[in-house]
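Taking it in order: structure first as structure tokens, then the write-up.
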Amino acid sequence: QVQLVESGGGLVQPGESLTLSCVASGSDFWGYAMGWYRQAPGKQRELVGSILSRGATNYGDSVRGRFTVSRDNAKNTVYLQMNNLMPEDTAVYYCTHYGSGSWGQGTQVTVSS
């Protein structure tokens, strides 16, 4: 069983940056891929980005070049650095541990002027 806790969401203006964190506990963290997903009202959950245990990353088309996923295995933490945020990035952001299928509770990101 893996527990995931996201933090760092909030209200920002277009063009600003925000960093989300996801702390994992309860199981091996470093050996598994982690992912960030988001879900906006009325839309399906979509991949934002993922990171393998050794650091290789993959991104959704809508965020590639603006968002960066990273991890600190010593801290059991995965990060999502979001730059040049746009109103369409408004959503609840979730992290997931692919090995266990666990999800965090989500953190709200709102981009609005």
Side-chain angles (χ1 to χ4, degrees):
Q1 186 73 17
V2 176
Q3 293 79 44
L4 303 172
V5 178
E6 303 101 334
S7 62
L11 171 64
V12 297
Q13 295 188 348
E16 293 187 339
S17 298
L18 202 60
T19 300
L20 306 183
S21 300
C22 174
V23 180
S25 61
S27 183
D28 291 333
F29 172 79
W30 66 269
Y32 294 96
M34 299 287 295
W36 285 99
Y37 288 73
R38 67 185 182 186
Q39 188 166 20
K43 295 187 177 181
Q44 290 187 331
R45 191 171 294 190
E46 65 172 353
L47 173 70
V48 175
S50 60
I51 185 166
L52 301 183
S53 59
R54 295 186 180 273
T57 55
N58 180 51
Y59 297 95
D61 290 341
S62 61
V63 306
R64 189 173 292 113
R66 298 188 297 122
F67 291 11
T68 302
V69 181
S70 61
R71 65 191 294 163
D72 185 337
N73 290 333
K75 296 182 178 180
N76 280 13
T77 302
V78 61
Y79 303 97
L80 179 64
Q81 172 69 41
M82 304 183 291
N83 296 328
N84 191 24
L85 283 160
M86 301 184 292
E88 48 265 47
D89 295 318
T90 295
V92 179
Y93 284 71
Y94 301 89
C95 69
T96 185
H97 180 268
Y98 287 118
S100 65
S102 297
W103 291 83
Q105 82 288 350
T107 186
Q108 176 71 46
V109 173
T110 302
V111 185
S112 175
S113 56

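When side chains are defined from C-beta on, P14 counts as touching P87, because their heavy atoms get closer than 4.5 Å.
Counting only residues at least two apart or on different chains, the ring-ring contact (aromatic ring centres under 6.0 Å, His included) pairs with a member in residues 37-58 are Y37-W103.
How far OG of S62 is from CZ of F67: 7.5 Å, rounded to the nearest 0.5 Å. Atom CG in L20 sits 3.5 Å away from atom CE in M82 (nearest 0.5 Å).
For S102, the side-chain hydrogen bond (donor to acceptor under 3.5 Å, both in side chains) partners are S100, not counting sequence neighbours. Qualifying ring pair (Phe, Tyr, Trp, His ring centres under 6.0 Å) partners for Y79, counting only residues two or more places apart in sequence or in other chains: none. Legend: residues meeting side-chain hydrogen bond (donor to acceptor under 3.5 Å, both in side chains) with N73, ordered by chain and number and at least two apart, are R71. Qualifying side chain to side chain contact (heavy atoms under 4.5 Å, CB included) partners for V23, counting only residues two or more places apart in sequence or in other chains: T77.
V92 and V5 are not part of a single hydrophobic cluster, where members link through side-chain heavy atoms under 4.5 Å apart. If you chain together hydrophobic residues whose side chains sit under 4.5 Å apart, V63 and V111 fall into the same group.
The minimum heavy-atom distance between S17 and N83, with the atom names listed, is OG-OD1, 3.0 Å. In plain terms, the two heavy atoms of G106 and E6 that are nearest each other are N-OE1, 2.8 Å. Minimum interatomic distance between R64 and D61 (heavy atoms only, all atoms of both residues): NH1-OD1, 2.7 Å. Residues C95 and L4 come closest through the heavy atom pair O-CD1, 3.6 Å. Here the shortest heavy-atom pairing between A91 and A40 reads CB-N, 3.8 Å. Contact between M34 and C22 at its shortest, heavy atoms only, is CE-SG, 4.4 Å.
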Show me the side-chain donor-acceptor pairs of residues 43-59 shorter than 3.5 Å, one per line, residues at least two apart or across chains.
from: E46; atom 1: OE2; to: R38; atom 2: NE; distance (Å): 2.6
from: E46; atom 1: OE2; to: R38; atom 2: NH2; distance (Å): 3.1
from: Y59; atom 1: OH; to: V69; atom 2: N; distance (Å): 2.9

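Side chains of S113 and Q13: a donor-acceptor N/O pair is absent below 3.5 angstrom, by distance only. Donor-acceptor pairing under 3.5 Å is lacking for the side chains of T90 and E88.
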Problem - Steps toward side-chain contact (heavy atoms from CB on, under 4.5 Å) verdict (L85, L18) - result: CA-CA 8 Å; L85 283 160; L18 202 60; 3.8 Å; yes

